[in-house]
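What follows is a set of notes on a single structure, which appears directly below.
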Amino acid sequence: MTDSKRIVDDAGDDEDSALEQLVAGVVVALIFLVGFGLLALGEPWFWVVFPVGFAGVLPAAIVLVRIYESRRGDDADESMTTKTEDALETLRRRYATGELSEEEFEAKVERLLETETVADARGSAAARRREGESSEAGRETEFDRD
């Protein structure tokens, strides 16, 4: 699950996404700028900017950011599903045309399904490399014994 999606799902956590922090900082800066700007201009109602800004504008901006991030996270999940389905369809086509043997097809499908995220793919590739290195070292020791 992506960090932004986890943070949106766990709204009670103290962690904020980078976009939330950026928007909050900009909104707070604007509130202070407008409030103290009106104070410097001598407007007697300058103080209204602070409660309206901190009680209304800031929370509204944070809610809008969370809605944006949750929708963006859903789109990413849908695109990942589409990519996986496209890859499966390509494997099926290659198997049907005889480009892949049954063992190759099954191995590739298994690998595809266990690596749904980039992090999973990297971990799987590293594990296969380690496994290949260990089996290669085993073959070398057998060769040395002969």
Side-chain angles (χ1 to χ4, degrees), residues 1-140:
M1 190 183 254
T2 61
D3 288 339
S4 61
K5 182 135 177 79
R6 181 179 52 77
I7 291 170
V8 171
D9 290 344
D10 302 333
D13 288 347
D14 290 337
E15 299 177 31
D16 292 330
S17 70
L19 184 59
E20 282 182 49
Q21 292 175 357
L22 176 67
V23 168
V26 168
V27 169
V28 168
L30 287 174
I31 292 169
F32 281 129
L33 182 67
V34 171
F36 288 123
L38 290 174
L39 175 65
L41 293 174
E43 294 294 329
W45 48 272
F46 76 93
W47 60 271
V48 173
V49 172
F50 296 106
V52 169
F54 287 116
V57 176
L58 183 60
I62 297 298
V63 166
L64 289 174
V65 167
R66 288 183 178 171
I67 290 171
Y68 169 76
E69 287 181 336
S70 70
R71 288 186 178 172
R72 189 181 69 185
D74 291 345
D75 292 344
D77 291 344
E78 289 174 9
S79 69
M80 179 60 86
T81 302
T82 304
K83 288 178 185 176
T84 302
E85 290 171 357
D86 290 345
L88 281 172
E89 184 59 35
T90 302
L91 284 174
R92 286 186 190 118
R93 182 184 47 76
R94 290 180 63 195
Y95 177 66
T97 59
E99 292 179 42
L100 296 175
S101 68
E102 186 174 347
E103 295 81 25
E104 290 173 326
F105 174 74
E106 289 175 1
K108 289 182 185 293
V109 168
E110 184 178 321
R111 191 177 313 147
L112 178 67
L113 294 177
E114 72 185 17
T115 58
E116 292 188 15
T117 65
V118 174
D120 290 343
R122 287 185 182 137
S124 178
R128 281 194 309 274
R129 265 188 252 116
R130 285 192 301 269
E131 182 180 303
E133 290 170 359
S134 66
S135 65
E136 185 177 310
R139 283 193 302 262
E140 287 177 5

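The shown structure was predicted, so the numbers you read here are calculated from the model rather than taken from an experiment.
- Partners of Arg93 according to the side-chain hydrogen bond (donor to acceptor under 3.5 Å, both in side chains) rule, which considers only residues two or more places apart in sequence or in another chain, do not exist here.
- Nearest approach of Pro59 to Gly53, heavy atoms of both residues: CD-O, 4.4 Å.
- Residues in residues 27-38 take part in no side chain to side chain donor-acceptor pair (under 3.5 Å) pair, two or more places apart or across chains.
- Applying the side chain to side chain donor-acceptor pair (under 3.5 Å) rule to pairs touching residues 54-64 yields nothing, sequence neighbours excluded.
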Check the pair Trp47, Leu39 against side-chain contact (heavy atoms from CB on, under 4.5 Å), reporting the backbone distance first and the verdict last.
CA-CA 8 Å; Trp47 60 271; Leu39 175 65; over 6 Å; no
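- Minimum heavy-atom separation, Phe46 to Leu38: CB-CB, 3.7 Å.
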Would Glu102 and Glu106 count as a side-chain contact (heavy atoms from CB on, under 4.5 Å) here? Give the steps.
CA-CA 6 Å; Glu102 186 174 347; Glu106 289 175 1; 3.3 Å; yes
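- The CD atom of Glu99 sits 10.0 Å away from atom OG1 of Thr90, with the distance rounded to the nearest 0.5 Å.
- Annotation: the span from Glu20 atom CD to Glu69 atom CD amounts to 5.5 Å, rounded to 0.5 Å.
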Is there a side-chain contact (heavy atoms from CB on, under 4.5 Å) between Tyr95 and Val109 once you walk through the steps?
CA-CA 11 Å; Tyr95 177 66; Val109 168; over 6 Å; no
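- Ala24 and Ile62 make their closest contact through CB-CD1, 3.9 Å (heavy atoms, listed as atom of the first residue, atom of the second, distance).
- Going from atom CG of Asp16 over to atom CG of Leu22 covers 12.0 Å, rounded to the nearest 0.5 Å.
- No more than 12 heavy atoms of other residues, nucleotides or ligands sit less than 6.0 Å from atom OH of Tyr68.
- The heavy-atom pair separating Gly35 from Phe50 by the smallest distance is CA-CZ, 3.8 Å.
- Taking 4.5 Å as the limit, every side-chain heavy atom of Val65 sits out of range of all side-chain heavy atoms of Gln21.
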